[in-house]
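Written out below as structure tokens is the structure these notes cover.
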Number of protein chains: 2
Amino acid sequence: MSEQGSRAVGRAGAGRPGVPNATVARLPVYLRALHALADVGRTTVSSEALAEAAGVGSAKLRKDLSHLGSYGTRGVGYDVGELVHHISSTLGLGQRWSVVLVGVGNLGQALAGYGGFDDRGFRVAALVDADPARVGEVVAGLTVLPLQDLPRVVREQGVSIGVIATPATGAQDVCDRLVAAGVRSILNFAPAVLQVPPGVDVRRVDLSNELQILSFHEHRKAALADQVVSA
Amino acid sequence: MSEQGSRAVGRAGAGRPGVPNATVARLPVYLRALHALADVGRTTVSSEALAEAAGVGSAKLRKDLSHLGSYGTRGVGYDVGELVHHISSTLGLGQRWSVVLVGVGNLGQALAGYGGFDDRGFRVAALVDADPARVGEVVAGLTVLPLQDLPRVVREQGVSIGVIATPATGAQDVCDRLVAAGVRSILNFAPAVLQVPPGVDVRRVDLSNELQILSFHEHRKAALADQVVSA
DNA sequence: ACGCGCTTGTGAACGCGCGCACAAAGTCGG
DNA sequence: CCGACTTTGTGCGCGCGTTCACAAGCGCGT
Ligand SMILES: NC(=O)c1ccc[n+]([C@@H]2O[C@H](COP(=O)([O-])OP(=O)(O)OC[C@H]3O[C@@H](n4cnc5c(N)ncnc54)[C@H](O)[C@@H]3O)[C@@H](O)[C@H]2O)c1
Ligand SMILES: NC(=O)c1ccc[n+]([C@@H]2O[C@H](COP(=O)([O-])OP(=O)(O)OC[C@H]3O[C@@H](n4cnc5c(N)ncnc54)[C@H](O)[C@@H]3O)[C@@H](O)[C@H]2O)c1
């Protein structure tokens with residue numbers, strides 16, 4: 001998580017004893033690999049094979065799965081269907097989550113037209129933009145709504161996740177409006193650090209950050225290579 | 001980093017003693033905050049203020065900065081310009097990195113037209129696509145090239161970073177071609193786990209993953225709220 | 001029925017990263 | 001020139017996450 005680094009512990013009645021944060025971040029990867037296996041017709045899979053497909057170590061995978069109480073069968077492996085069910089339910093994918101997308105520009109339009117949402121249990125319920133020229137436009141089968149409709153849309157459509165795809169300048173304002181409307185989970189594509197009250201989760205996806213991290217390693221590799229050459 | 005979890009240590013001759021991985025991931029955030037401060041005319045900044053702007057604790061920030069040997073002035077703070085220089089050079093932003101973008105679809109076009117690249121020291125050198133109908137098209141001032149031009153483009157344009165924006169199906173193939181062409185740093189938007197030889201870095205940006213992680217926390221918050229109500 | 005081989009689940013050790021708290025160091029006013 | 005105040009740099013303890021290695025468990029063939 002990006003805000004409080006606390007574990008998702010809580011000892012919720014008879015529920016799970018709490019799933020570590022790092023594990024939660026990997027569950028979607030496992031889930032995707034499992035779906036791929038199911039599509040090929042496999043019904044069981046060993047931790048070794050699944051770990052390979054997910055790009056992690058097998059021990060890590062087993063420990064991750066043990067955290068959500070899901071049991072495999074020793075000597076055989078995990079039942080693919082059962083594991084899909086367990087992980088999905090842990091991630092809260094039993095229900096369809098409604099998403100509101102704010103900022104229908106370059107990126108926003110690509111996101112709106114993206115099919116990968118619906119496949120994974122998410123529904124783009126509405127598109128919102130501040131530009132009066134854009135309001136009323138139809139994008140990906142949805143009419144773009146003005147900002148002031150946000151509270152109503154969130155309420156009527158049962159929206160619980162907000163996606164921000166506006167320039168960095170407007171991001172904090174949009175964020176505040178989303179929070180005011182009752183949204184407690186935000187995915188932020190704008191290169192800005194958002195200030196939110198406790199209880200609200202923000203995940204930031206920053207393309208430039210990723211490139212700069214790559215740049216660092218590339219730089220280091222180049223320096224290392226030069227050193228070897230000069231040696 | 002997504003592959004080996006090793007620290008960027010190396011004790012490179014007279015160079016830096018090695019910057020922790022977690023620190024590297026935060027440097028771009030600091031850099032952006034510093035640029036914002038510089039734009040407002042500030043010449044110095046305290047760790048407290050910069051930490052606030054970057055959304056981290058001040059102690060963490062100071063420790064991060066100490067790792068790259070950059071010195072502030074006690075009682076005053078850090079010189080904004082100097083810090084920008086130090087961080088930029090650590091990240092390897094002294095030079096302009098050339099990027100090749102593979103997959104000029106929905107997302108690829110948004111990326112190609114994105115201005116945030118050039119601002120941060122990255123140049124989209126070429127666009128590549130497998131679809132013959134798309135090859136020859138001009139997007140964002142660049143002509144879309146066929147896949148087989150990849151080695152030539154990488155060589156001639158000095159490309160060192162590849163961005164994959166193709167469907168998951170073709171991602172591994174594209175990845176292999178990029179690696180074969182000499183690219184050692186890859187940013188992958190396709191929902192697939194890429195297999196790469198050692199020495200190649202892959203960073204994955206998976207939108208669905210992020211949403212599912214948010215979904216988990218939302219789910220947990222809802223369960224917690226219900227519990228409180230029923231109590 | 002029984003042992004053999006395979007795979008899970010986990011105990012334990014380790015390393016990394018985080019945050020606290022404070023001494024060192026520099027500035028500024030008098 | 002000095003003393004008080006501000007802010008950095010970091011030593012240290014702690015908790016999380018990763019990894020190794022192995023005992024426990026299960027199926028299968030005989
Ligand atoms: N385009 C990309 O490939 C890309 C990649 C990575 C990150 N980003 C980031 O995503 C964000 C959007 O990028 P883009 O290229 O789509 O920009 P864009 O300018 O094309 O679109 C921005 C949209 O947001 C709307 N908007 C502006 N202020 C608003 C506000 N206060 N409330 C609601 N809507 C508002 C604008 O009307 C416009 O439609 C930017 O922060 C950008 O840095 C973009
Ligand atoms: N559109 C989005 O908002 C979005 C969001 C998150 C992730 N993604 C992911 O990004 C990727 C691209 O999404 P998109 O919506 O742009 O898809 P798209 O179908 O619009 O575009 C894919 C492009 O890649 C090209 N392509 C296909 N196979 C290729 C190959 N082997 N080599 C080179 N080019 C090839 C196609 O010709 C097409 O132009 C997908 O993996 C998708 O899951 C998209």
- [ ] Can you sort out which residues in residues 72-81 of chain A have a heavy atom within less than 4.0 Å of DNA chain D? Ascending by number, please.
- [x] A:Thr73, A:Arg74, A:Gly75, A:Val76
Just how far, in rounded Å, is [atom2] of [N] from [atom1] of [X]?
X       : N      : atom1 : atom2 : answer
A:Asp64 : D:dG17 : CG    : P     : 10 Å
B:Leu65 : D:dT10 : CG    : C1'   : 13 Å
A:Leu50 : C:dG9  : CG    : P     : 12 Å
B:His86 : D:dG9  : NE2   : C1'   : 15 Å
B:Leu68 : D:dG9  : CG    : P     : 10 Å
B:Leu61 : D:dT10 : CG    : C1'   : 14 Å
A:Glu48 : D:dC20 : CD    : P     : 11 Å
A:Tyr71 : C:dT10 : OH    : C1'   : 12 Å

What nitrogen or oxygen pairs link the protein and nucleotides 12-15 of chain D at under 3.5 Å?
| from | atom 1 | to | atom 2 | distance (Å) |
| --- | --- | --- | --- | --- |
| D:dC12 | N4 | B:Lys63 | NZ | 3.3 |

Contacts table for residues 160-174 of chain B: side-chain donor-acceptor under 3.5 angstrom, sequence neighbours left out:
| from | atom 1 | to | atom 2 | distance (Å) |
| --- | --- | --- | --- | --- |
| B:Gln172 | OE1 | B:Gln195 | N | 2.9 |
| B:Gln172 | NE2 | B:Asp176 | OD1 | 2.9 |
| B:Gln172 | NE2 | B:Gln195 | O | 3.1 |
| B:Asp173 | OD2 | B:Arg177 | NE | 3.2 |

TODO: May I ask you to test the B:Leu178-B:Val159 pair for a side-chain heavy-atom distance under 4.5 Å?
DONE: no
TODO: Taking the side chain as every heavy atom from C-beta outward, state whether A:His219 and B:Thr90 have any pair of such atoms under 4.5 Å apart.
DONE: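 Side-chain contact under 4.5 Å: no.
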Task: salt bridge (charged side-chain N to carboxylate O under 4.0 Å, His left out) partner of A:Asp206, chosen from B:Arg203, B:Arg26, B:Arg32 - done: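 When salt bridge (charged side-chain N to carboxylate O under 4.0 Å, His left out) is applied between A:Asp206 and each of B:Arg203, B:Arg26, B:Arg32, only B:Arg32 qualifies.
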TODO: Not counting sequence neighbours, which residues clear side-chain contact (heavy atoms from CB on, under 4.5 Å) with A:Ala112? List them please.
DONE: A:Leu101, A:Leu127, A:Val139, A:Ala140
Open item on the list: Any donor-acceptor pair under 3.5 Å linking the side-chain atoms of B:Ser208 with those of A:Arg120?
Closed with: no
Task: Any side-chain donor near an acceptor of the partner, A:Glu218 and B:Ser185, under 3.5 Å - done: yes
Heavy atoms from C-beta onward define the side chain here; which of [options] lies closest to that of [X]?
X       : options                : answer
B:Arg26 : C:dC18, D:dT10, D:dG17 : C:dC18
B:Lys60 : C:dT8, C:dC18, D:dG17  : C:dC18
A:Arg62 : D:dG9, C:dT7, C:dT10   : C:dT10

Open item on the list: Tell me if the CD atom of B:Glu48 is crowded by more than 12 foreign heavy atoms within 6.0 Å.
Closed with: no
- [ ] Using the side-chain contact (heavy atoms from CB on, under 4.5 Å) rule, take B:Leu65 and B:Ile87 through it: C-alpha gap first, then chi angles, then the decisive distance, then the call.
- [x] CA-CA 9 Å; B:Leu65 294 184; B:Ile87 295 180; 4.3 Å; yes
Protein-nucleotides 28-30 of chain D N/O pairs closer than 3.5 Å?
none

Open item on the list: So, does A:Ser47 get its side chain near the phosphate of C:dT8, meaning an N or O under 4.0 Å from OP1 or OP2?
Closed with: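 Yes, such a contact exists.
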Task: Chi angles and distances behind the side-chain contact (heavy atoms from CB on, under 4.5 Å) call for B:Phe189, B:Leu111 - done: CA-CA 11 Å; B:Phe189 284 91; B:Leu111 294 175; 3.8 Å; yes
Name each donor-acceptor pair under 3.5 Å that joins a side chain in residues 51-61 of chain A to protein atoms two or more places apart or in another chain, with its distance.
none

Open item on the list: Would the distance check show the side chain of B:His85 and the main-chain N or O of B:Gly81 forming a donor-acceptor pair, the cut-off being under 3.5 Å?
Closed with: no
